[in-house]
Amino acid sequence: MSDAGAAARAIDALRRGWPVAIAGSDGTLALLPIETGDPVRLAAFDPDERAPILLSAGRAATLKLANQVDAAVPDAPVLVERASWLDFATATALADPQFDLRTPLKGPFHAIPLAAHDAGAAALRLARISGMLPAYFVIPGGQADLGITVADIDAHEDAIRLTIAARAKLPVSGAENAEIVAFRTPESPGEHIALLIGAPNGQPPLVRLHSECLTGDVLGSLKCDCGPQLDAAIAAIAASGWGILLYLRQEGRGIGLINKLRAYALQDQGFDTVDANTRLGFAIDARDFSVAARMLTLLGQRSVRLLTNNPQKVAQLEAAGINVIERVPHFLPTNPHNERYLATKRDRTGHQL
Ligand SMILES: Nc1nc2c(ncn2[C@@H]2O[C@H](COP(=O)(O)OP(=O)(O)OP(=O)(O)O)[C@@H](O)[C@H]2O)c(=O)[nH]1
Ligand SMILES: [Zn+2]
């Protein structure tokens, strides 16, 4: 039996710097997160000073440790052997790319085989879900006070658990005739929102999937196009007669606000949005749009016109059983701060701009 609540407790533990153990199909790993750990916790976790370090393949490739691994699979786990000189500060430098250009790393480091691939990949995924750097000290076969399974994490992330929690009229400046519907699962703190605009007319609704962007949506950041896209989506849906804006709590393409700001700091150093994610150890886009399909299904909509430039959104909705009868482009004018970002999306992530 999988237990989504156990995964929620593990997320809480990792954020507090407590060890967890994850059991997968190919073995168990005890894990101490590097971001929230410290030397005292490390000594308690690993008195023999033998625990190797778990990183993603993308981070390992950035550190030039990845000649034995496949850098094309950023979620694949890599183990770095624990040499006697590899202390907590050195591990932090392996985990956190903010110092890459300033601090020459000690070395040499050796990547060693990881038998428990399944558990290792789940550990990296759990770090992302927790909004933390994907890097741990690891004891293969080890235990911790809190033990979970890979299936518990899958259950935590399963969109089938979403239900409608509340709905009310919400006139907004771009659409006076609107209703807000809030969705949640028992464990996830972020509630997804649907804004139903206009009146159903028997036609498939015009739908926009908007991923949360605090900096763009609230602060008016010019680094991206999210804020103008949000306003323009509401206007386009209102003008079409009826449709739905889904506001998805997928900040930073699924890596969370803190990690997105880390990616922004790397962009300040000259890396583009794709390379910044890889240097941090994440996939380029970690979002799972099955959550949007579940929300549309709960709203009784199986056929939509989709407002997007991102073919992945179309493909993922279709794979989750929603019929996308039309893709409607959603392009806004650029500004000097987001020109490169939008060019990168066109050239490297397949956006149709
Ligand atoms: N990791 C990361 N996330 C970013 C960055 N810039 C914006 N985001 C996030 O990207 C998400 C918006 O996705 P976009 O790629 O702009 O657009 P899209 O939703 O894929 O595609 P469209 O439907 O065509 O707009 C939001 O969650 C933002 O927080 C960045 O540089 N790094
Ligand atoms: Zn944005």
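Atoms within each ligand, like the ligands themselves, are counted from 1 in listed order. Heavy atoms only: backbone and side chains are in, while hydrogens, waters and symmetry mates are out.
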Could you tell me if [Y] and [X] have a donor-acceptor pair between their side chains, going purely by distance under 3.5 Å?
X: Asp152; Y: Ser2; value: no
X: Arg253; Y: Ser211; value: no
X: Ser290; Y: Asp288; value: yes
X: Asp217; Y: His210; value: yes

Should the proximity of [X] to ligand 1, defined as any heavy atom under 4.0 Å, be assigned to the side chain, the backbone, both, or neither?
X: Asp225; answer: side chain
X: Leu214; answer: neither
X: Phe282; answer: neither
X: Arg208; answer: side chain
X: Gln267; answer: side chain
X: Thr215; answer: neither

Do Tyr341 and Leu219 share a hydrophobic cluster, counting only Ile, Leu, Val, Met, Phe, Trp and Tyr and linking them when any side-chain heavy atoms are less than 4.5 Å apart? no

Do Leu245 and Val324 share a hydrophobic cluster (ILVMFWY, side-chain heavy atoms under 4.5 Å, transitive)? no

Measuring only between side-chain heavy atoms, which start at C-beta, is Pro97 closer than 4.5 Å to Leu266? yes

With the side chain counted from C-beta on, respond yes when Tyr264 and Asp268 share a heavy-atom pair under 4.5 Å apart, and no when they do not. no

As a check for students: among Lys313, Gln312, Lys345, Arg287, identify the option with a heavy atom nearest to atom 20 (O) of ligand 1. Arg287

Nearest candidate to atom 2 (C) of ligand 1, where distance is taken over non-hydrogen atoms, out of Arg253, Gln229, Arg327, Arg262: Arg253

Any N/O pair Thr273/ligand 1 closer than 3.5 Å: yes

For ligand 1 and Gly252, I'd like to know whether there is a polar contact (N/O to N/O, distance under 3.5 Å). yes

Using a strict 4.0 Å cut-off to heavy atoms of [X], name the atoms of ligand 1 that fall inside it.
X: Gln250; result: 27 (O)
X: Asn310; result: 18 (P), 20 (O), 21 (O), 24 (O)
X: Asn309; result: 22 (P), 23 (O), 24 (O)
X: Thr308; result: 22 (P), 23 (O), 24 (O)
X: Glu212; result: 26 (C), 27 (O), 28 (C), 29 (O)
X: His351; result: 15 (O), 18 (P), 20 (O), 21 (O), 24 (O)

When you draw lines from the Zn ion (ligand 2) to SG of Cys224 and to SG of Cys226, what angle lies between them, to the nearest 10°? 110°

Give a yes/no on ligand 1: does Phe331 have at least one heavy atom closer than 4.0 angstrom to it? no

Full working for side-chain hydrogen bond (donor to acceptor under 3.5 Å, both in side chains) between Arg161 and Ser188: CA-CA 10 Å; Arg161 300 170 55 71; Ser188 299; over 6 Å; no

Checking Arg327 side chain against Arg305 main chain: does a donor-acceptor pair fall under 3.5 Å? no

Quick one: are the ring centres of Phe183 and His192 less than 6.0 Å apart? no

